[in-house]
Amino acid sequence: MDHADAQPVGDIAREVVAATGRAGPHPTPEEALAEAKRRLALPGVVVICGSTRFMAEMAEADVRETAAGKIVVKPGCDMKSPHALWSDPVEAKALKARLDDLHRAKIRLADEVLVVGGYIGDSTRAEIAYARSLGKPVRFTHPDVDPDT
């Protein structure tokens, strides 16, 4: 789309209000993102969460979700496996904090969450709570580990 075809911001805001029923003057960032995804006809986005001990299961879930037509985002670093980027404990601690922030951003971007694996640790439990606080649907490969059931 070139700029001559661009829709004025006011028109987009009116479309968001029409779609959400929220009469505020400006859409929330979440509403604007949802409207942009709709207008771009993007497939649904699923974020995979879970312990990095389940990286192989995450890869399989990625294949299945992708084959089902979804955009998949998931953890990209397994800090339980040796790597030069996190060999220094001080650097590893800082990297872990950045990766946690990045994963929360992936949760905000996603339309839904898929929790992989038969174990829920503190980090995954916090991710589930965060996703649910945002109103994101959460699915489990092992529903019996859902901390809220």
Side-chain angles (χ1 to χ4, degrees), residues 1 6-7 9 12-13 15-24 26-149:
M1 172 187 290
Q7 189 174 7
V9 172
I12 295 170
E15 285 183 25
V16 170
V17 169
T20 64
R22 199 173 71 75
H26 301 289
T28 66
E30 293 81 7
E31 291 167 341
L33 176 60
E35 178 60 17
K37 288 178 183 178
R38 185 193 67 76
R39 292 182 64 222
L40 292 168
L42 293 177
V45 179
V46 61
V47 61
I48 295 176
C49 296
S51 171
T52 55
R53 71 175 71 171
F54 300 115
M55 290 298 272
E57 291 88 341
M58 288 182 190
E60 178 63 23
D62 186 347
V63 168
R64 292 184 182 282
E65 294 294 315
T66 299
K70 297 182 182 170
I71 296 171
V72 179
V73 292
K74 63 182 179 15
C77 296
D78 176 4
M79 294 186 69
K80 290 182 175 79
S81 296
H83 194 283
L85 286 175
W86 48 84
S87 61
D88 176 83
V90 174
E91 291 295 322
K93 185 175 181 180
L95 178 60
K96 171 78 166 102
R98 290 193 309 273
L99 293 174
D100 287 347
D101 288 344
L102 179 62
H103 201 67
R104 281 188 293 276
K106 292 175 183 180
I107 292 169
R108 288 192 305 276
L109 174 68
D111 301 308
E112 64 177 321
V113 174
L114 175 60
V115 180
V116 173
Y119 162 81
I120 303 293
D122 292 339
S123 293
T124 304
R125 187 178 319 278
E127 292 166 359
I128 294 166
Y130 181 63
R132 286 181 167 155
S133 78
L134 298 173
K136 307 284 181 175
V138 179
R139 294 185 288 130
F140 294 81
T141 59
H142 296 75
D144 56 306
V145 300
D146 184 344
D148 294 332
T149 61

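Positions are given from 1 along the sequence. Scope of the values below: all heavy atoms of this structure, side chains included, with no hydrogens, waters or symmetry mates.
Minimum interatomic distance between P147 and R125 (heavy atoms only, all atoms of both residues): CB-NH1, 3.2 Å. Across all non-hydrogen atoms, the minimal contact from W86 to S81 is NE1-O, 2.7 Å. Counting all heavy atoms, side chain and backbone alike, A84 lies closest to S87 at O-OG, 3.2 Å. Shown here for P137 and D111, the closest heavy-atom pair between the two residues is CD-O, 3.2 Å.
Side-chain contact check for E35 versus P27: every heavy-atom pair is 4.5 Å or farther apart. Looking only at side-chain heavy atoms (C-beta outward), K96 and S123 come within less than 4.5 Å of each other. V47 has its side chain out of reach of K136: every pair of non-hydrogen atoms, C-beta onward, lies at least 4.5 Å apart. With a 4.5 Å cut-off on side-chain heavy atoms, D62 and M58 do not count as touching. For the pair I48/V73, no side-chain contact is recorded, criterion being any heavy-atom separation below 4.5 Å from C-beta on. A heavy-atom distance below 4.5 Å is found between the side chains of E65 and R139. For the pair R108/Y130, a side-chain contact is recorded, criterion being any heavy-atom separation below 4.5 Å from C-beta on. I107 is listed as a side-chain neighbour of C49, based on a closest heavy-atom distance under 4.5 Å.
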Salt bridge (charged side-chain N to carboxylate O under 4.0 Å, His left out) between D146 and R132: does it pass, once the steps are laid out? CA-CA 12 Å; D146 184 344; R132 286 181 167 155; 2.9 Å; yes
**OP:** Begin from the C-alpha positions of Y119 and V145 and carry the test side chain to side chain contact (heavy atoms under 4.5 Å, CB included) through to its verdict.
**Re:** CA-CA 6 Å; Y119 162 81; V145 300; 6.0 Å; no
Evaluation steps, side chain to side chain contact (heavy atoms under 4.5 Å, CB included), between R98 and L102:
CA-CA 6 Å; R98 290 193 309 273; L102 179 62; over 6 Å; no
request  = Please lay out, stage by stage, how V138 and V115 fare under the test side chain to side chain contact (heavy atoms under 4.5 Å, CB included).
outcome  = CA-CA 7 Å; V138 179; V115 180; 3.8 Å; yes
Worksheet item: Going through the distances and angles, do E112 and K70 end up as a side chain to side chain contact (heavy atoms under 4.5 Å, CB included)?
Response: CA-CA 10 Å; E112 64 177 321; K70 297 182 182 170; 2.7 Å; yes
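We find the NE2-CG distance between H103 and L109 to be 11.5 Å, quoted to the nearest 0.5 Å. Note: I120 CD1 to I128 CD1 = 4.0 Å, rounded to the nearest 0.5 Å. With rounding to the nearest 0.5 angstrom, the SG atom of C77 is 6.0 Å from the CG atom of L95. Taking OG1 of T149 as the reference point, atom CG of D144 lies at 8.0 Å (rounded to 0.5 Å).
Ion pairing between R104 and D101 holds under the 4.0 Å rule for side-chain N and carboxylate O. Using a 4.0 Å cut-off between a side-chain N of Lys or Arg and a carboxylate O of Asp or Glu, D78 and R53 do not qualify as a salt bridge.
Under a cut-off of 6.0 angstrom, the local environment of CG in D122 is sparse, with at most 12 non-hydrogen atoms contributed by other residues, nucleotides or ligands.
Side-chain atoms of S51 do not come within 3.5 Å of backbone N or O of F54 as any donor-acceptor pair.
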